[in-house]
Amino acid sequence: MPQPFRVVTWNINSLRLRQGLLPDLIGALDPDVICLQETKCPDDLFPPELAAAIGFPHVLFRGMKGYNGVATFSRTPIRRHETTQDWVGRNDCRHLAAEVDARGGPLVIHNFYVPAGGDIPDPAVNPKFAHKLDFVAAARDHFAATPDLRRSILVGDLNIAPLEHDVWSHKQLLKIVSHTPVETALHTEWQQTCFTDGLRHFVPPEEKLYTWWSYRARDWLAADRGRRLDHVWVTHDLRGALRRHVILKDARGWTQPSDHVPVCVELSL
DNA sequence: ATGGTAGAGATTCTA
């Protein structure tokens with residue numbers, strides 16, 4: 001009997017500030033695994049009772065002071081996977097790979113927080129943009145070496161909106177970091193190493209699709225100038241198991257919201 | 001063309 005398996009990715013933008021929203025997320029999506037980014041929480045300050053309190057007793061995290069940080073919560077036991085790494089030699093807590101028990105055997109879930117890249121889309125003058133390009137290229141090269149990867153899911157805030165209709169205006173964002181041709185080309189190369197785009201599997205490319213709306217808009221809902229920065233990819237063997245997706249846009253209107261909303265993909269395993 | 005908001009934690013950086 002196949003079982004649903006739901007994975008959620010959410011850039012929570014401070015775990016300690018927004019942990020009280022997790023029960024709302026769980027009530028809306030009933031996930032099996034939750035991957036968070038931008039926890040901004042050092043490991044020794046990770047709330048010790050949180051995982052049990054929300055019904056996800058198995059949790060792994062990699063955090064640091066002030067910036068970045070990822071955490072993966074699971075209903076069932078998980079183990080840190082040996083492919084967890086730093087990618088470009090900085091210990092800045094942007095990746096966590098976990099092996100999760102599921103029907104049919106373990107799944108490996110990669111939780112990524114790709115560098116945002118600063119404002120100027122030129123690696124020669126902006127070291128943050130250079131770091132972003134180097135990071136994505138390193139991740140691409142890693143997965144290019146394992147083209148037959150199976151039972152793996154890659155999620156996270158990848159900070160790149162790859163397709164024309166992943167942004168509110170393709171033409172106006174071509175020189176804006178997150179949608180420049182050099183980034184979207186690298187992003188596509190990375191995805192095509194091993195993975196199917198789990199959101200565009202359900203939504204045709206000519207349809208607008210966003211997961212992030214800036215804090216800086218006067219009225220984010222009315223302006224609707226969003227971008228699709230958060231992604232769920234699955235290895236090709238799992239493509240036939242994809243059942244549905246949810247982009248929890250309501251979460252952008254919650255009290256004291258993140259600027260990203262939770263994204264859920266359900267597979268039938 | 002510009003500036004707009006949010007979070008951490010220290011009086012500025014990152015997004």
Side-chain angles (χ1 to χ4, degrees), chain A residues 9-22 24-25 35-47 50 61-71 86-88 90-95 111-123 125-136 155-162 166-169 171-180 182-184 186-187 210-231 248-263:
Chain A
T9 180
W10 188 28
N11 179 321
I12 194 171
N13 187 16
S14 172
L15 173 69
R16 284 171 288 172
L17 185 69
R18 262 180 271 283
Q19 56 183 307
L21 298 177
L22 288 170
D24 298 295
L25 180 160
C35 294
L36 301 179
Q37 303 87 34
E38 277 205 276
T39 55
K40 298 183 177 177
C41 182
D43 290 347
D44 57 340
L45 295 178
F46 196 91
L50 174 63
F61 44 83
R62 266 187 97 186
M64 59 189 282
K65 185 177 176 179
Y67 307 102
N68 312 330
V70 288
D86 292 332
W87 303 104
V88 287
R90 305 187 190 193
N91 186 19
D92 56 1
C93 302
R94 296 178 178 275
H95 176 231
N111 180 356
F112 270 93
Y113 175 53
V114 170
D119 288 331
I120 302 166
D122 180 353
V125 299
N126 174 8
K128 291 200 281 277
F129 193 68
H131 176 217
K132 180 179 197 176
L133 299 182
D134 290 347
F135 186 103
V136 175
V155 309
D157 175 5
L158 305 185
N159 266 317
I160 296 173
D166 292 337
V167 294
W168 62 275
S169 169
K171 191 175 171 185
Q172 286 178 259
L173 270 76
L174 275 170
K175 292 181 178 173
I176 302 298
V177 170
S178 73
H179 194 62
T180 65
V182 62
E183 291 170 88
T184 58
L186 273 173
H187 177 101
Y210 312 139
T211 65
W212 172 90
W213 291 262
S214 172
Y215 283 128
R216 297 179 188 179
R218 288 181 190 87
D219 182 340
W220 70 275
L221 185 60
D224 200 24
R225 293 185 171 190
R227 305 179 200 170
R228 183 168 73 114
L229 302 179
D230 303 276
H231 298 269
L248 194 62
K249 187 174 177 180
D250 286 356
R252 186 64 180 78
W254 288 348
T255 302
Q256 210 171 23
S258 171
D259 47 353
H260 296 253
V261 300
V263 173

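Scope of the values below: all heavy atoms of this structure, side chains included, with no hydrogens, waters or symmetry mates. Within every chain, numbering begins at 1; the chains are lettered A, B, ... in the order of the sequence lines, protein sequences first and strands thereafter.
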Please tell me which of the listed nucleotides, [options], lies nearest to the side chain of [X]?
{"X": "A:Lys128", "options": "B:dT14, B:dG7, B:dG4", "value": "B:dT14"}
{"X": "A:Tyr67", "options": "B:dG9, B:dG4, B:dC13", "value": "B:dC13"}
{"X": "A:Gln256", "options": "B:dA15, B:dG7, B:dG9", "value": "B:dG7"}

Quiz prompt | Nearest-nucleotide 5' precedence on DNA chain B, A:Asn13 against A:Asn68 | solution =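 With A:Asn13 and A:Asn68 compared, the 5'-side residue is A:Asn13.
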Self-check item: A:Gly66 vs A:Tyr215, nearer the 5' end of DNA chain B by closest nucleotide
Solution: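 Closer to the 5' end of DNA chain B: A:Tyr215.
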Quiz item: At under 4.0 Å, does any side-chain N or O of A:Arg16 touch on OP1 or OP2 of B:dG9?
Solution: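 So the side chain of A:Arg16 is within the cut-off, an N or O lying under 4.0 Å from OP1 or OP2 of B:dG9.
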Length of the [atom1]-[atom2] vector between [X] and [N], whole Å:
{"X": "A:Asp119", "N": "B:dG4", "atom1": "CG", "atom2": "C1'", "answer": "13 Å"}
{"X": "A:Gln172", "N": "B:dG3", "atom1": "CD", "atom2": "C1'", "answer": "16 Å"}
{"X": "A:His260", "N": "B:dT14", "atom1": "NE2", "atom2": "C1'", "answer": "12 Å"}
{"X": "A:Lys65", "N": "B:dG9", "atom1": "NZ", "atom2": "P", "answer": "6 Å"}
{"X": "A:His131", "N": "B:dT14", "atom1": "NE2", "atom2": "C1'", "answer": "13 Å"}
{"X": "A:Phe135", "N": "B:dA15", "atom1": "CZ", "atom2": "C1'", "answer": "16 Å"}
{"X": "A:Asp259", "N": "B:dT14", "atom1": "CG", "atom2": "P", "answer": "17 Å"}
{"X": "A:Lys40", "N": "B:dA15", "atom1": "NZ", "atom2": "C1'", "answer": "7 Å"}

Self-check item: Spacing of OG1 belonging to A:Thr211 relative to CG belonging to A:Asp157, to within rounding of 0.5 Å
Solution: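 If we round to the nearest 0.5 Å, A:Thr211:OG1 and A:Asp157:CG are 7.5 Å apart.
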Quiz item: So, does A:Arg16 use its side chain to make a donor-acceptor pair with the main chain of A:Cys41 at under 3.5 Å?
Solution: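 The answer is no, because no donor-acceptor pair under 3.5 Å joins these two groups.
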Practice problem: Could you tell me whether a side-chain N or O of A:Gln37 sits under 3.5 Å from a main-chain N or O of A:Asn11, the two making a donor and an acceptor? | Solution: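 Yes; judged by distance alone, with no hydrogens or angles, the pair exists.
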Self-check item: P spacing across the pair B:dG9 / B:dA15, given as an integer number of angstrom
Solution: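 Nearest-Å result for B:dG9 against B:dA15 at atom P: 15 Å.
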Quiz item: Quantified in whole Å, what is the P atom distance between nucleotide B:dA10 and nucleotide B:dT14?
Solution: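 To the nearest whole Å, 14 Å.
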Self-check item: Quiz item: A:Arg18 side-chain donor-acceptor pair to B:dA6 base, under 3.5 Å
Solution: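 When only heavy-atom distances are counted, A:Arg18 does not reach the base of B:dA6 through any donor-acceptor pair under 3.5 Å.
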Exercise. Answer with base, sugar-phosphate or nothing: what part of the nucleic acid does A:Arg225 contact at a heavy-atom distance below 4.0 Å?
Key: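 Since no nucleic acid heavy atom lies under 4.0 Å of A:Arg225, the category is nothing.
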Quiz item: Looking for any heavy atom pair under 4.0 Å, which part of the strands does A:Arg252 touch: base, sugar-phosphate only, or nothing?
Solution: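 It contacts nothing in the nucleic acid.
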Self-check item: Any side-chain donor near an acceptor of the partner, A:Arg227 and A:Asn159, under 3.5 Å
Solution: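 A:Arg227 vs A:Asn159: no donor-acceptor pair found between side chains.
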Exercise. Using the ring of A:Trp220 (Phe, Tyr or Trp, six-membered ring only), decide whether A:Arg252 places NZ or CZ under 6.0 Å from its centre and within 45 degrees of its axis.
Key: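 Satisfied, under 6.0 Å and within 45°.
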